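Predicted, not measured: the structure shown is a model, and the values here were computed from it.
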Amino acid sequence: MKGNVKIWCLIILALVTVFVTPWLGERSIGFDVLARPFTMGVDDLDAVIFWQIRVPRLLLAFLAGVGLSLGGVVFQAMFRNALATPFTLGVAGGASFGVALWVQLGLSFSILGIGGISLAAMGGAVFSILLLYGLVRASGKSSPMTMLLGGVAISFFFSSLIMLLQYLMDIGDSFRVIHWLMGDIGRANLDSVLQVFPFVASGGLIVMYLRRELNLLSVSDEIAASRGVNVDGVRVVLFFAVSLMVAGIITVCGPIGFVGIMAPHMCRLVFGANHRVLVPTSLIFGGVFLTWCDTLARTVSVSSEIPVGIVTALLGGPFFLWLLFKHGERH
Amino acid sequence: MKLFVNKSLFRLSSGGWFVVVCVLVLFVLSHLGRSWVRGWSAEQAAMYAEKRSDAGQFPERLVGLSPSNVETLFALGLGDKVVGVNRYTSYPAAAADLPKIGGMVDVDFEQMLILKPDYVVLLESQRSLVQKFEEIGIKTLSVNHESVEGIVSSFSEIAKLCGNEERAAAICDEIREHIERVRESVEGRGRPRVLICIHHSTDVSQPEQIIVCGSGGYHRELLEIAGGVNAYDGPVAFPKLSRENLINLNPDIIIDLVNKKVVNERSRDELKGLWNVYGELDAVKNRRVVIADGAEHFLPGPRFLKTLDVFSEGIHGVKVERKSTILKHFEEGDIE
Amino acid sequence: MGDYLKAGSGDLEYSILVEGVSLSIGRSRLLDDVSLKVKRGSMTAILGANGAGKTTVLKCLLGLVKPSSGRVEVNGRDVNLYSRVDLARELAYVPQLLNASVSFTVLDFVMMGRYAYEGGFGYQDKEGEGVAMDALQRVDMSKFIDRKLHTLSGGERQKVCLAAALAQESEILILDEPSAHLDPRQSEEVHRLLAGVAESSGLTILTVTHDLNWAAMDYDYVFGMKDGRVVAEGLASEVITCDGLRALFGVDFTIVPHPDTERGMVVPTVRNREGGIS
């Protein structure tokens, strides 16, 4: 019963977030805009600000938070390491490189309605996962240190490749990449929300479906296999789900760090380690968390806004260190 | 070692198939949703365009999204119509006090809507922002400030929009005429190899982290008008050079653009003196290092002729008199 | 899905059949022509020095490692022909002492043993919970269902692992050094429970162990492994002898009869001052 109360609290928190944050901002907006979605024309300034700036932004931030948080949950279970996320292990770096390369090459095509830029991000993410996984396998012991150091190396590798590309870019593309590298939710619109949505929703669905497998994988591969989990197959599917989510988010929002560490860990403290509960709660809490970070980012300064990636990094950096020390004590 | 045999990777349970189908449906639905949204946006954009043609009058409220655009607007005499400027705008003084709406790549769209501009003037390199502006019903005009021709035509493009083409024509003529006179004055002279340094660290005893003009920007063109050639001829837009690169390039002249006003002759000499460390370079040996200070040398706006004058004087010692016209007044801070 | 597989296994004599299994990784030969048969409903132990290949045999049984040659059958069917889920219904596994950082609650962890019987999306049926509670009852841990695993002692953790394996409702139980890292009391508890389970449910139990006395006391049949080969097999009383242990471990032990059961117990041999055997 106590657990149920906590879950209801989380749901209420999510609802409050969704219904309150669009009203926060420099300009105060009346509730009457709710009746005027899809207003045409700049005459109704409140409606345009509400429906075309704040609401898409809320949705995009929420979606990105959901995906990043789930990515963290999956990586932490699969690598059995509280500090593992697609960002700390360099997967986001790979996806970012995919995007930067795409911008540099100036290509443009799409397959089945999925933009080539998302596919490039996906390719980068998959490549870096293969690299990381190969590294973990080759080193035999998947000790937390080996893995984190490997992830750091992969991140550095890709970020220098991005810098190299940027060096060769013309100013316009370079601007675009800089802006996007800072974590860019500001340009959200309905189109970009819909662009991210299938990636995060499919990834989320897959992770929700594989919660029991995550539970077992978080204990050990051997136990998971002996209980009936097709470990290799599940791992491939989960890697695919994470690449999907990370690629979708990175293509539109750029790399936003630390959400994947903070949200799942807080949920683990409150709801326990069982992924049956942990997955849905981190999903919701990740969205709530990033939405508030973005609200803070856009309201904290007057004439312009700070990129949301800076807010999450400012909160997440100290948290990461705290976790690292706490983690270090136990082993 | 081959771990985990028993591969039945793609043998899916009914739940697995359900997930696969859901994923496919999600992507198809979002694709349909996106095309609907795009259709709606296009409709909206068409409506805005119609409104624009209906209006038939010149915009009253303008935003300059880069410092050079703000200067261009003010030089065109549109200063009183500017309602918002780029965060880095510092000239003219009247512009620096206006509401700031963002930097080069980050824009506060809400603030932008509140200012209700009729038009936002931005650089082509800021093109990634255009889509969002159009969606929220703000019209944009992109100008190219990466070439001399682009700068010149930006005056007429903006003027065409704002209905003061006469003044723009006068400015364009002034620029073209001056460029022509500079070109004539250096004709027949040699074409020394010049390195234009746009950034180096000044807090150490020698210029380090040197970034020079490469294939990008308008400085290269100005250099050719002023009778020099770029010592760096590689493909990188703004390359960073090491000491070894410098020795290989061995420019005849170094023009060091400094982003702030140099207060007195002594500090100018100090800046010049920094280069003495690189005594192996011909430019240093022959005392051909030129310090050009001021933010205007980095702004491809109406004050770019000043940069051209610095170049021609630095390279060939030619000082082409400016006719005292609109831009000259603007440079002196004298805006009607 | 696994029912049709189980159907034919009703009257098999041997639950586990390993025939001529060899496994080499690189240059090292981990298993060399290993054959062992485990009788249905028996308690069988595998003894041997560290690195003798005991755990590798278990991995072959679990289908985690594919042997280079030879055949591994579980309930009359080649291990590699099972799907993971089907194999899990035949065979449950209790690993060496569980990592202390696993922070599931006891009930959650035991429920994870029901994986092979559940649907997707984390679906759990009430029946499964009954089975899990029952399993906890059998290991005497039903008071601990809400405790976190990492707050339990080693022995309690091992009992929970045993319950999780029982919840798997398979016919065969495989244990890898169930009493490693446990103190004497905890070790006694685990072995007592195991013997009780074997007696009451008729499970086939195959255990890798270093605990010679428990092997001598509770187990019916013993295999001795050395350097990847099976060097001794037979009833516990046949293998756990002075000569048998010398062959396996290269050390001399003294065997004395247990005061109650007359089974041979292993005690260290007294050495004289010069280090020779008295």
To the nearest 0.5 Å, atom CG of Asn189(A) lies from atom NZ of Lys132(B) at 5.0 Å
What distance do Asp191(A) atom CG and Trp40(B) atom CH2 have between them, rounded to the nearest 0.5 Å? 11.5 Å
Gap between atom CZ of Arg57(A) and atom CZ of Phe109(B) - 0.5 Å precision: 9.0 Å
Spell out, as yes or no, whether a donor-acceptor pair under 3.5 Å connects the side chain of Tyr209(A) to the backbone of Val19(B). no
For His200(B), give me all partners under ring pair (Phe, Tyr, Trp, His ring centres under 6.0 Å), at least two apart in sequence or on another chain. Trp275(B)
So, the part of Val23(B) with a heavy atom under 4.5 Å from chain A: the answer is both
Holding to ring pair (Phe, Tyr, Trp, His ring centres under 6.0 Å), I want the full list of residues that pass it with Phe50(A), two or more places apart in sequence or in another chain. Trp23(A)
If you take all heavy atoms of Glu110(B) and Ile53(A), which pair is closest and at what distance? N-CD1, 3.9 Å
Most contact-rich option vs chain A, by heavy-atom pairs under 4.5 angstrom, among Val25(B), Leu24(B), Leu26(B), is Leu26(B)
Considering only heavy atoms from C-beta outward, does the side chain of Ile49(A) approach that of Ile114(B) to under 4.5 Å? yes
Would you name the heavy atoms of Leu205(A) and Cys22(B) that are closest together and state the gap between them? CD2-CB, 3.1 Å
Can you tell me which portion of Pro235(B) sits under 4.5 Å from chain A's heavy atoms? Options are side chain, backbone, both or neither. neither
